[in-house]
Chemist: 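Have a look at this one before I ask anything.
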Amino acid sequence: MCGIVGAVANNDIIPVLVEGLKRLEYRGYDSAGVAVLKSGNLERVRRVGKVRELDSALADSGLSATTGIAHTRWATHGQPSEANAHPHTSADTIAVVCNGIIENHDELRADLVGKGYAFMSETDTEVVAHQIHFFIEQGNEFFEAVTRTCALLEGAYALAIIKHDEPNRMIGARRGSPLIVGLAENENYIASDISALLPVTNRYLVLDDGDLCEINQHSIRVVDATGSEVSRPIRESKIKADAVELGEYRHYMLKEIYEQATAVADTLDGRLAGDRILEQAFGPESAAIFDSTRFVQIIACGTSFHAGLVASYWLESFGVPCRVEIASEFRYRAHAVPDDALVVTISQSGETADTIAALTEAMRIGFKHSLSICNVPESSLVRDSDICLMTHAGPEIGVASTKAFTTQLAALMLFAIAMGRRFNMDSDTEARLVSEMKTLPAKIEQALNLDEDIAEVAKQFADKDHSLFLGRGAHYPIAMEGALKLKEISYIHAEAYAAGELKHGPLALVDGRMPVIAVAPNNELLEKLKSNIHEVRARGGRLLVFADAAAGIEAEEDVQVMHVAPVDDSISPIIYTIPLQLLSYHVALIKGTDVDKPRNLAKSVTVE
Ligand code: M6R
């Protein structure tokens with residue numbers, strides 16, 4: 001789960017590489033490095049820590065060059081250290097950056113050690129550098145040496161490679177991990193995704209799985225898995241270069257929380273007409289696929305999994321049989337495959353390795369069709385699915401997912417209605433849901449008004465080590481999402497329970513040091529939830545309850561109530577998410593953690 005940038009230009013590319021890495025830091029950030037070609041030599045600078053450490057080291061070095069590769073790392077093999085930071089080299093002639101995992105690296109390493117190669121790192125990538133060097137020593141041309149090396153590699157990877165005596169030339173390879181080629185006037189680039197290159201170009205092509213490419217200042221050559229030269233379509237990114245800039249906000253997470261009204265409006269834009277949803281948003285093949293679907297299997301990870309859980313409540317309430325599973329579990333167990341089943345994958349990035357593998361497995365064992373709900377149009381998941389529905393959240397940089405989640409819920413509601421039409425949802429229900437969906441942006445803005453009050457309440461959490469989140473029905477996954485956000489960025493242990501489960505065990509944990517956060521919308525489960533609140537109070541627990549004023553939950557010494565504006569139950573999971581995001585943000589702020597880049601995590605989990 002690393003980020004790659006490479007550039008071949010006729011002026012200094014160091015600033016482009018550094019800016020590109022900063023934009024890719026969401027993919028991993030425990031160390032970073034660059035290797036450039038300088039007068040027939042490779043020069044390399046690497047640093048442990050974030051890209052800013054590398055940036056200042058490069059500034060001190062005064063290094064400049066016209067060809068170079070760069071990398072930001074999220075450790076998989078070997079701890080974060082300068083020796084393990086990329087690029088990795090062989091004999092000071094080959095430099096390689098890699099995103100992914102070379103699964104057979106032990107075997108290759110043993111073979112290369114036997115041939116006399118000394119390894120300087122614990123990484124799986126170093127074998128790639130030495131293997132290429134070995135093939136060159138055997139008389140292979142650079143491109144041929146890379147091709148032969150790739151043929152030996154098992155696993156999923158994206159590579160960028162330079163050679164000391166080949167100025168103005170770079171080779172890239174992709175299998176299982178994303179890699180794009182950026183095109184500009186007299187300069188060309190390689191990157192993990194186009195966001196890295198937006199300050200210099202928005203024109204790019206996406207390499208297919210198994211492709212190798214070679215670029216120089218003036219040309220690009222792509223060769224597919226069979227060795228044939230191919231052309232890949234040139235695309236133009238619509239993302240604005242400043243879409244990934246912080247602007248007035250202190251953190252990306254806060255910016256992204258505040259962007260949710262617009263992001264949800266953008267996700268619904270053009271997909272609602274009058275009191276109906278427009279199914280065409282799912283693409284021309286969707287009607288036949290939905291018509292033939294009798295069962296929905298949702299697969300996702302993390303926050304996207306929580307979105308899937310909410311959707312399952314919606315779908316089943318419309319009579320659509322549905323199951324939801326974490327991708328890493330789905331991919332490794334035996335399944336009784338239901339007839340006429342549609343697999344729905346949900347992912348912000350579209351590059352989550354477990355989700356991609358689970359989709360592949362689902363299709364292998366006989367699930368009939370696939371739909372991806374995703375935020376990145378060029379992603380692997382979108383390309384691997386029969387149909388897709390894009391969320392229009394815009395780039396999400398904060399590792400803790402916020403606007404991706406609420407836009408996924410908006411998209412999933414469209415999907416639930418499309419499927420519900422084919423089961424037992426009538427047109428009045430659709431009309432009511434559509435009218436509620438149209439209120440979402442305004443209701444989200446209202447929920448954001450709780451920001452200051454939540455910042456105040458957060459002060460009581462910052463010194464706590466544990467917390468419990470409770471919810472019922474479709475708000476149970478919202479409690480799960482609230483707990484995930486809090487643990488992810490504040491490092492406070494947070495667990496979510498379906499409130500009715502409290503007395504089956506977790507109640508034993510409740511005392512004055514265990515804050516309990518309850519999501520209590522005004523719906524038919526409210527009275528049940530109130531009983532659960534009493535169970536907590538009776539054990540000396542302290543509560544923070546998110547409820548609307550009409551719910552009749554009064555503030556007491558041991559109960560704090562945050563009033564959420566009244567909202568229809570159909571869309572309330574989306575609205576009740578907002579205060580929980582704000583709570584975790586403010587707790588993290590008080591604790592002084594790195595909100596956008598919490599420890600040990602990365603934005604896109606492109607490795608298993
Ligand atoms: O890109 P994806 O939606 O597939 O990512 C799935 C999870 O890795 C992601 O939601 C993760 O749980 C977030 N960091 C949560 O905030």
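Numbering of ligands and ligand atoms starts at 1, following listing order.
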Chemist: For atom 6 (C) of ligand 1, which candidate among Cys301, Cys374, Ala327, Gly302 holds the nearest heavy atom?
Modeler: Cys301
Chemist: If every non-hydrogen atom of Glu256 is compared with every non-hydrogen atom of Pro395, which pair is closest and at what distance?
Modeler: OE2-O, 4.0 Å
Chemist: Side chain, backbone, both or neither: which part of Glu488 comes within less than 4.0 Å of ligand 1 when only heavy atoms are counted?
Modeler: side chain
Chemist: Thinking salt bridges, do Arg174 and Asp208 make one under a 4.0 Å N-O criterion?
Modeler: no
Chemist: Could you go through residues 445-452 and list every donor-acceptor pair under 3.5 Å that involves a side-chain atom there, pairing it with any protein atom two or more places apart or in another chain?
Modeler:
from   : atom 1 : to     : atom 2 : distance (Å)
Asp451 : OD1    : His586 : NE2    : 2.5
Asp451 : OD2    : Tyr258 : OH     : 2.5

Chemist: Flag Ser401 as yes when one of its N or O atoms lies below 3.5 Å from any N or O atom of ligand 1, and as no otherwise.
Modeler: yes
Chemist: Among all protein non-hydrogen atoms, which one is nearest to atom 9 (C) of ligand 1, and what is the separation to 0.1 Å?
Modeler: Thr303 N, 4.1 Å
Chemist: Looking at every non-hydrogen atom in both residues, tell me the closest pair between Ser490 and Val587 and how far apart they are.
Modeler: CB-CG1, 3.8 Å
Chemist: For this output row, return yes or no: ring centroids of Tyr204 and Tyr189 closer than 6.0 angstrom.
Modeler: no
Chemist: Does ligand 1 come near enough to Val399 that some N or O of the ligand is less than 3.5 Å from an N or O of the residue?
Modeler: yes
Chemist: Side chain or backbone of Lys485 under 4.0 Å from ligand 1, or both, or neither, by non-hydrogen atoms?
Modeler: side chain
Chemist: Report the nearest protein non-hydrogen atom to atom 1 (O) of ligand 1: residue, atom name, distance rounded to 0.1 Å.
Modeler: Ser349 OG, 2.7 Å
Chemist: Starting from atom 5 (O) of ligand 1, find the nearest protein heavy-atom neighbour and note its residue, name and distance.
Modeler: Thr352 OG1, 3.5 Å
Chemist: Could you work out, with salt bridge (Lys or Arg N to Asp or Glu O under 4.0 Å) as the rule, every residue matching Arg472, not counting sequence neighbours?
Modeler: none
Chemist: Specify the protein heavy atom at minimum distance from atom 8 (O) of ligand 1: its residue, its atom name, and the distance to 0.1 Å.
Modeler: Val605 CG2, 3.9 Å
